[in-house]
Amino acid sequence: PVKDGVNQFKIKGLSGWQIVNGGQTTASIHKAYKEGITLKDVYVQAKLTILQVDEFVNKDQHQHEDEMISRISQYANTQNKINKSDLLANTRFMSDLEKFSRSTWIPAIDGRRSESKWYFERARGQYMVDINRRKRGKEQTNFKKQYPKGKVLTKVDMAKYFMSWEGYPHVSSKGGEEAFKKFMDLNKSFWSNSSLDKITVTVYKKLIARAIINLRVKEIVDEMKLRGYKANVLYYTVAMMH
């Protein structure tokens with residue numbers, strides 16, 4: 001407290017920052033700063049929401065926080081269409097998948113050195129943002145070599161590939177958002193309660209393996225030059241294989 005008996009506090013440190021609504025403003029300020037434009041007289045009005053979870057609440061504290069953040073995001077962004085997959089992008093489950101994606105190399109063939117990784121895109125457009133954060137030329141080239149465009153995997157694609165392998169091709173056929181909802185339901189033990197399963201690199205690799213199988217079947221289906229229902233053929237074929 002700043003002074004006894006007064007409801008004022010001096011903030012010494014903050015962790016777990018998340019921008020709920022203000023991405024464009026933040027990006028504009030960052031661009032101006034990078035280009036050397038003075039920000040001396042720039043002020044931005046902000047609403048700071050500090051989550052305080054009641055210790056007696058009958059839920060895992062992290063799950064409760066995830067739900068609150070999801071709802072704040074939903075109600076603070078009424079001008080844009082918000083998908084369920086976007087609202088759950090900040091769960092620990094998604095963050096852990098992202099971390100494994102940035103540290104797990106793709107096994108090389110014939111004993112050669114591993115050179116690339118899969119890029120799990122936790123947030124929409126994250127891959128291009130990551131590229132543009134780097135200087136054009138060598139920095140961007142090295143990033144693309146380490147994370148090839150063909151190895152970018154969005155969370156909704158991962159969900160569709162998972163669901164097809166698990167025997168729910170009809171869910172994958174309904175589209176990414178439907179598949180993502182079911183995917184999160186089936187993997188609730190990894191993200192909705194800290195006392196249950198922890199996501200491991202083995203879990204991550206299994207998800208990538210499902211993606212590899214689906215993508216290979218997709219190549220074969222594409223060669224068939226079907227006039228329609230390509231996605232459905234892909235998902236049902238993978239389900240039948242399993």
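This is a predicted model, so every value here is computed, not measured.
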Tyr235 vs Val217, side chain to side chain contact (heavy atoms under 4.5 Å, CB included): CA-CA, chis, key distance, verdict: CA-CA 9 Å; Tyr235 302 135; Val217 173; over 6 Å; no
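- Of all heavy-atom pairs spanning Arg112 and Ala108, the tightest one is O-CB, 2.9 Å.
- In this structure, the side chains of Asn142 and Arg134 stay at 4.5 Å or more apart for every pair of heavy atoms.
- Looking at Lys151 and Lys117, their side chains never come closer than 4.5 Å, going by heavy atoms from C-beta outward.
- Atom CZ of Arg102 and atom CH2 of Trp105 lie 12.5 Å apart (nearest 0.5 Å).
- Linking Ile, Leu, Val, Met, Phe, Trp and Tyr whenever their side-chain heavy atoms come within less than 4.5 Å puts Tyr161 and Phe93 in one cluster.
- Side-chain contact between Lys160 and Phe183 is absent, with no heavy-atom pair separated by less than 4.5 Å.
- Contact record, Ala179 with Ser172: CB-CA, 4.2 Å, taken as the closest heavy-atom pair.
- In this structure, the separation between CZ on Phe162 and CZ on Arg210 is 5.0 Å, given to the nearest 0.5 Å.
- Nearest approach of Lys230 to Val221, heavy atoms of both residues: O-CG1, 3.9 Å.
- Both Ile212 and Phe120 are assigned to one and the same hydrophobic cluster, defined by single-linkage of ILVMFWY side chains at heavy-atom distances under 4.5 Å.
- Both Tyr33 and Val44 belong to a single network of hydrophobic side chains, linked directly or stepwise wherever heavy atoms of I, L, V, M, F, W or Y lie under 4.5 Å apart.
- Under a hydrophobic-cluster definition in which Ile, Leu, Val, Met, Phe, Trp and Tyr are linked whenever side-chain heavy atoms come within less than 4.5 Å, directly or via other members, Val201 and Leu97 are assigned to the same cluster.
- Taking the side-chain hydrogen bond (donor to acceptor under 3.5 Å, both in side chains) definition, one finds that Gln146 meets it with nothing, sequence neighbours left out.
- Between atom CG of residue Leu234 and atom CG of residue Leu226 there is a gap of 11.0 Å, rounded to the nearest 0.5 Å.
- Note that CE of Met163 and CG of Leu186 are 5.0 Å apart. Values are rounded to the nearest 0.5 Å.
- Of the inter-residue distances, the one linking Phe143 atom CZ with Thr141 atom OG1 reads 12.0 Å to the nearest 0.5 angstrom.
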Residues Tyr204, Trp118; criterion side chain to side chain contact (heavy atoms under 4.5 Å, CB included); working and verdict: CA-CA 11 Å; Tyr204 167 73; Trp118 285 84; 3.7 Å; yes
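- Minimum interatomic distance between Phe180 and Ala159 (heavy atoms only, all atoms of both residues): CA-CB, 3.6 Å.
- Proximity of Gln126 to Tyr119: side-chain heavy atoms (C-beta onward) are separated by under 4.5 Å at one or more points.
- Minimum heavy-atom separation, Lys182 to Val171: CB-CG1, 4.0 Å.
- For Tyr147 and Asp130, the side-chain atoms include no donor-acceptor pair closer than 3.5 Å.
- Put simply, the side chain of Val203 does not reach to within 4.5 Å of the side chain of Phe100, judged on heavy atoms.
- Of the candidates Arg122, Glu98, Met94, Met94 is the only one forming a side-chain contact (heavy atoms from CB on, under 4.5 Å) with Lys155.
- Using a 4.0 Å cut-off between a side-chain N of Lys or Arg and a carboxylate O of Asp or Glu, Asp222 and Lys218 qualify as a salt bridge.
- Under a hydrophobic clustering in which Ile, Leu, Val, Met, Phe, Trp and Tyr are joined whenever their side-chain heavy atoms come within less than 4.5 Å, directly or via other members, Ile220 and Tyr236 fall into different clusters.
- Taking NZ from Lys206 and OG1 from Thr200, the interatomic distance works out to 8.0 Å, rounded to the nearest 0.5 Å.
- Pro107 and Ser114 make their closest contact through CA-OG, 4.1 Å (heavy atoms, listed as atom of the first residue, atom of the second, distance).
- The shortest side-chain heavy-atom distance between Ile208 and Leu153 falls under the 4.5 Å cut-off.
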